[in-house]
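This chain uses plain numbering: 1 for the first residue, then up along the sequence. Scope of the values below: all heavy atoms of this structure, side chains included, with no hydrogens, waters or symmetry mates. Everything numeric here is computed off the predicted structure, so don't read it as measured data.
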Amino acid sequence: MKNNNAALIFIALLAGALFGLGLAVSGMIDPAKVQGFLNIAGNWDPSLALVMGGALGVFAPGYYLWRCSGRGQCALGSDLPKVPDPVIDKRLLIGAAMFGVGWGLVGICPGPAIGLLGSMQWQAGVFVLAMLAGFWLVGKFSK
């Protein structure tokens, strides 16, 4: 059990480091680049669409093959997360709209925000604190 936990922590750190490296190399931690991608009515920069499409192109076939193999567990034995019901309700729409507006205004979403902490810019720290406050508020009011 102890070795399995150490392996899980190692794989989580490795996956997080690869994810952060991918965000940095692709430019997704640069708010100006993200805002350029979201500005489809202005000077649109479509390069991030290739990043997102590339990520889906790698993930989707592997996930599909893993599911088709009949395995209900990850390689280290934990259960695969359940696929949520495809319910589009008011709560989802409001949350998605708030996320989109916030992403468009500042050009940062949660993953790149964590990566930006390494830049030592105070704005990244303020964003992460606001994001954590938002997570806390959602938990407080959704019970």
Remaining members of hydrophobic cluster (4.5 Å side-chain criterion), [X]:
| X | result |
| --- | --- |
| L21 | V25 |
| L13 | I9 |
| V58 | none |

Would you be so kind as to tabulate the donor-acceptor pairs closer than 3.5 Å made by side chains of residues 48-56, with sequence neighbours excluded?
none

Strictly by salt bridge (charged side-chain N to carboxylate O under 4.0 Å, His left out), give each pair with a member in [range] just once, sequence neighbours left out.
| range | value |
| --- | --- |
| residues 54-68 | none |
| residues 94-111 | none |
| residues 94-123 | none |
| residues 26-53 | K33-D45 |

Just checking [X]: does its [atom1] atom have more than 12 heavy atoms from other residues, nucleotides or ligands closer to it than 6.0 angstrom?
| X | atom1 | answer |
| --- | --- | --- |
| L18 | CG | yes |
| N43 | CG | no |
| L14 | CG | yes |

* **F135 with F99, same ILVMFWY side-chain cluster at under 4.5 Å** =>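 Yes, it is one cluster - the side chains of F135 and F99 are joined through contacts under 4.5 Å.
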* Under 4.5 Å between side-chain heavy atoms, hopping through other hydrophobics if needed: is there a path connecting M98 to L129? -> no
Show me the donor-acceptor pairs within less than 3.5 Å that the side chains of residues 107-120 make with the rest of the protein, sequence neighbours left out.
residue	atom	partner	partner atom	Å
S119	OG	L116	O	2.5
S119	OG	Q121	N	3.4

* Contact summary for D89 and L92, nearest pair of heavy atoms -> OD1-N, 2.9 Å
* Asked: For the residue pair L38 and G104, what are the closest heavy atoms and their distance?
  -> CD1-CA, 3.6 Å
* To do: Apply ring-ring contact (aromatic ring centres under 6.0 Å, His included) to F59 and list each qualifying residue two or more places apart in sequence or on a separate chain.
  => Y63
* Partners passing ring-ring contact (aromatic ring centres under 6.0 Å, His included) against F19 (at least two apart in sequence or in another chain) ->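 Residues passing ring-ring contact (aromatic ring centres under 6.0 Å, His included) with F19: none at all.
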* Asked: Among all residues two or more places apart in sequence or in another chain, which pass the side-chain hydrogen bond (donor to acceptor under 3.5 Å, both in side chains) test with R71?
  ->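 Per chain and number, R71 pairs via side-chain hydrogen bond (donor to acceptor under 3.5 Å, both in side chains) with no residue.
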* Drop me the distance from F141's CZ to W136's CH2, to the nearest 0.5 angstrom. => 7.0 Å
* Look only at the side chain of W44 and the backbone of F37, and say whether a donor-acceptor pair between them is shorter than 3.5 Å. => yes
